[in-house]
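Values below: all heavy atoms of this structure, side chains included; hydrogens, waters and symmetry mates excluded. Worth saying up front: this structure is predicted, and the values here are computed from it rather than measured.
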Amino acid sequence: MPSPSSVWPRFRPLAWFAALFLFVAAATRLTLLVATGDGVPASAANWLYLFGVGLVYDLVTLVYFAWPLVLWLWLMPRRWHEARWGRRAFAGLCLLLVYILLFVAAAEWVFWDEFQTRFNFIAVDYLVYTNEVIGNIRESYPVGLLLGGLLAASLVLFYPGRRWRSRPDTTSTFAGRSLVVLAWLAATVLVSIGLRSDVKERSDNSYVNQLAGNGIYEFFAAARASELSYPRFYRSLDSTAAFSRLRGLLQTPDARFVSDDPLDITRDITADKPEQHLNVVLISIESLSAFFSGAYGGNPSYTPELDRLSQDSLMFTRLYASGTRTVRGLEALSLSLPPTPGESIVKRPRNENLFTLASVFNAKGYTSEFLYGGYGAFDNMNYFFGNNGYLVRDRGAIAPERIHQANIWGVADEDLYTLALDEFDRLHAAGKPFFAHIMTTSNHRPYTFPTGRVNAPQGARESAVMYTDWAIGDLLRRARATSPGSTTPCS
């Protein structure tokens with residue numbers, strides 16, 4: 001049997017890469033911990049847990065990640081490995097692995113900043129829409145500068161290990177190297193069988209649990225699971241308790257439950273006024289949080305138009321988001337459903353001919369429309385709404401000369417509202433009552449909008465909120481007067 005010393009010179013680079021991998025993983029974990037702030041209480045127990053358990057996941061991820069290096073060190077004949085072209089090719093492979101490692105660390109920082117979690121199925125899901133995701137990254141960040149910086153950082157980390165990578169191999173044999181690879185394969189099988197992503201979920205603090213993971217491992221675990229962890233992101237109650245509470249909340253003087261079944265909330269509702277066929281417009285605004293609105297206590301307020309509107313409106317003060325992504329909001333608004341385990345119904349197969357909000361209006365003689373500022377192929381929106389009672393109009397319905405500004409997600413809100421007003425005029429002229437669901441995009445990174453609308457810089461979240469609010473006010477002013485290009489008052 002070959003001695004360990006005979007294969008050590010060949011596999012010295014693997015030891016160098018393992019040390020570098022663990023260093024970068026620990027540094028990433030520390031950076032995300034600092035970014036979390038008081039989300040992780042300062043205690044030795046928390047730090048010991050997230051760094052100790054994190055080391056286990058880092059080692060497991062290293063077993064997978066280092067396979068290209070292991071295969072090279074195993075298969076390359078000694079004379080090729082020692083040749084100049086072989087050394088250069090091997091150095092290129094090592095530099096590429098270091099670059100990928102740093103690229104993933106940078107991507108983790110961006111993802112954590114947005115979602116406060118390690119990679120999960122959201123990251124996997126985004127890869128389906130590479131055009132929008134890559135476009136969003138290009139418009140939101142100085143990509144060239146960042147990629148160049150990552151290359152420079154990779155070279156800084158790569159250079160000190162040259163002696164570990166260039167030591168001549170004069171003793172290894174193919175049989176000896178094969179034993180190392182078999183041991184690596186056995187380790188891969190064992191960790192695949194013996195460790196799951198949820199094993200680390202032992203702390204009461206979700207940030208600690210997430211920081212104890214490894215982003216690369218979590219990404220592939222999410223890809224295998226093919227769904228977002230429902231218990232991780234959605235609180236739930238026992239069905240009996242939930243329906244008991246819901247039936248109590250639904251009790252009103254004009255309604256009567258048709259059954260004593262505690263899990264049945266079907267009601268007969270008696271109206272005390274005649275039915276009115278008013279036109280109805282539902283505007284769902286991308287990522288607009290009550291945090292920015294003075295009507296909900298925001299200080300300073302970035303929504304003066306909505307603040308004024310709230311004084312003459314029915315305003316809900318205990319209305320909460322139904323999920324972590326826009327597609328979950330669309331699911332809830334169209335189907336009146338809470339978030340469901342697994343994929344959103346908007347994106348699932350066989351999601352046609354469901355009972356939607358459009359079904360209710362269409363039964364009363366309305367025309368229902370879904371109007372979106374981007375291309376509705378994203379998140380399957382066009383297909384879902386088009387097969388569930390809505391006429392669909394997206395960015396493709398807007399003439400280029402009528403677009404004041406656009407980014408990868410869609411046109412400026414004011415341009416979408418212009419399309420909506422034209423549709424309203426058309427339906428009004430045809431004598432049809434209408435229901436319209438409008439989905440905006442301006443309040444989404446990269447936060448760009450037409451110049452001259454608000455006194456705020458491009459690219460900032462607060463600026464996008466201010467523009468989103470301005471566009472709402474502009475829509476209402478135009479709706480009260482006359483739609484562009486028409487002499488017909490808007491309904």
Indicate yes or no for a side-chain donor-acceptor contact from Ser244 to the backbone of Ala241 under 3.5 Å, with no hydrogens or angles considered.
no
Determine the minimum heavy-atom distance between Leu14 and Trp184, stating which atoms define it.
CD2-CZ3, 3.6 Å
Do Trp112 and Gln210 make a side-chain contact, defined as non-hydrogen atoms from C-beta onward lying under 4.5 Å apart?
yes
Separation between CZ (Arg118) and CG (Leu32), nearest 0.5 Å, reads 5.5 Å
Parallel, tilted or perpendicular: rings of Trp409 and Phe378 (30°, 60°)
perpendicular
So do Ser154 and Leu95 actually touch side chain to side chain, heavy atoms under 4.5 Å?
yes
If you measure from CD on Glu286 to OG1 on Thr468, what distance do you get to the nearest 0.5 Å?
9.0 Å
Determine yes or no for a side-chain-to-main-chain donor-acceptor pair under 3.5 angstrom, with Tyr129 supplying the side chain and Asp379 the backbone.
yes
Do Thr173 and Ser6 have side-chain heavy atoms sitting under 4.5 Å apart?
no
Let's go through Glu352 and Tyr383 carefully: what are the C-alpha distance in whole Å and the side-chain angles of both, what is the deciding distance for side-chain hydrogen bond (donor to acceptor under 3.5 Å, both in side chains) to 0.1 Å, and is it a yes or a no?
CA-CA 9 Å; Glu352 306 88 354; Tyr383 184 87; 2.4 Å; yes
Nearest-0.5 Å distance that lies between atom CG in Leu319 and atom OH in Tyr296
7.0 Å
Counting N and O atoms only, with roles assigned by atom type, does the side chain of Asn209 sit under 3.5 Å from a partner on the main chain of Arg202, one being a donor and the other an acceptor?
yes
Heavy-atom closest pair, residues Ala15 and Trp164:
CB-CZ3, 4.1 Å
Is there a donor-acceptor contact under 3.5 Å linking the side chains of Thr31 and Thr28?
no
Once rounded to the nearest 0.5 Å, what's the spacing between atom CD of Glu201 and atom CZ of Arg196?
11.0 Å
Evaluate the side chain to side chain contact (heavy atoms under 4.5 Å, CB included) criterion for residues Thr441 and Val411: first the C-alpha distance (whole Å), next the side-chain angles of each, then the deciding distance (0.1 Å), finally the verdict.
CA-CA 7 Å; Thr441 62; Val411 301; 5.7 Å; no
Main chain of Val7, side chain of Arg177: is a donor-acceptor contact present, judged purely on distance under 3.5 Å?
no
Over all heavy atoms of both residues, which pair between Pro41 and Asn205 is shortest? Give the atoms and the distance, please.
CD-ND2, 3.4 Å
Spacing of Thr171 atom OG1 and Arg10 atom CZ [to the nearest 0.5 Å]:
9.5 Å
Might you confirm whether atom CG of Asp38 has over 12 heavy atoms from other residues, nucleotides or ligands at distances under 6.0 Å?
no
Once rounded to the nearest 0.5 Å, what's the spacing between atom CE of Met439 and atom CD1 of Ile283?
11.0 Å
Could you walk me through whether Val180 and Leu73 pass the side chain to side chain contact (heavy atoms under 4.5 Å, CB included) check?
CA-CA 10 Å; Val180 175; Leu73 296 172; over 6 Å; no
Classify the angle between the aromatic ring planes of Phe111 and Phe115 as parallel (below 30°), tilted (30 to 60°) or perpendicular (above 60°).
tilted
Minimum-distance pair of heavy atoms, taken over all atoms of Asn443 and Ser287
ND2-O, 3.2 Å
Do the rings of Phe21 and Phe17 sit parallel, tilted or perpendicular, given the 30° and 60° boundaries?
tilted
Neighbour count >12 (heavy atoms, 6.0 Å) for atom CG, Asp113
yes
More than 12 heavy atoms of other residues, nucleotides or ligands under 6.0 Å from CZ of Arg245: is that the case?
no
More than 12 heavy atoms of other residues, nucleotides or ligands under 6.0 Å from CH2 of Trp80: yes or no?
no
Go through the steps for Asn407 and Thr448 under the test side-chain hydrogen bond (donor to acceptor under 3.5 Å, both in side chains), then give the verdict.
CA-CA 7 Å; Asn407 58 38; Thr448 56; 2.9 Å; yes
Could you go through the side-chain hydrogen bond (donor to acceptor under 3.5 Å, both in side chains) check for Ser322 and Glu331 one step at a time?
CA-CA 9 Å; Ser322 62; Glu331 174 184 71; over 6 Å; no
Test Leu288 against Leu306 for side chain to side chain contact (heavy atoms under 4.5 Å, CB included), laying out the working first.
CA-CA 11 Å; Leu288 184 61; Leu306 288 174; 3.8 Å; yes
Please report the C-alpha distance between Val104 and Ile100 in whole Å, then the side-chain angles of each, then the deciding distance to 0.1 Å, and finally whether the side chain to side chain contact (heavy atoms under 4.5 Å, CB included) criterion is met.
CA-CA 6 Å; Val104 171; Ile100 293 173; 4.3 Å; yes
How about Asn351 and Asn380: do any of their side-chain heavy atoms sit closer than 4.5 Å?
yes
Looking only at non-hydrogen atoms, find the nearest pair between Tyr447 and Ala464 and report the distance.
CD2-CB, 3.6 Å
Could you tell me whether a side-chain N or O of Ser463 sits under 3.5 Å from a main-chain N or O of Pro457, the two making a donor and an acceptor?
yes
Residues, nucleotides or ligands: over 12 heavy atoms within 6.0 Å of Arg138 CZ
no
Is any side-chain heavy atom of His437 closer than 4.5 Å to one of Ser284?
yes
Check: Asp413 side chain, Ser442 main-chain N or O, donor-acceptor pair, under 3.5 Å
yes
Side chains of Met381 and Asp394: does their closest heavy-atom pair fall under 4.5 Å?
no
Any side-chain heavy-atom pair from Glu218 and Glu108 closer than 4.5 angstrom?
no
Mind listing the closest non-hydrogen atom pair of Leu62 and Ala18 along with its distance?
CD2-CB, 3.5 Å
Side chains of Cys94 and Trp16 in contact at under 4.5 Å (non-hydrogen atoms):
yes
Under 6.0 Å from the six-membered ring centre of Tyr159 and within 45° of its axis: does the NZ or CZ of Arg162 meet both?
yes
Angle between ring planes, Phe174 versus Trp74, binned at 30° and 60°: parallel, tilted or perpendicular?
parallel
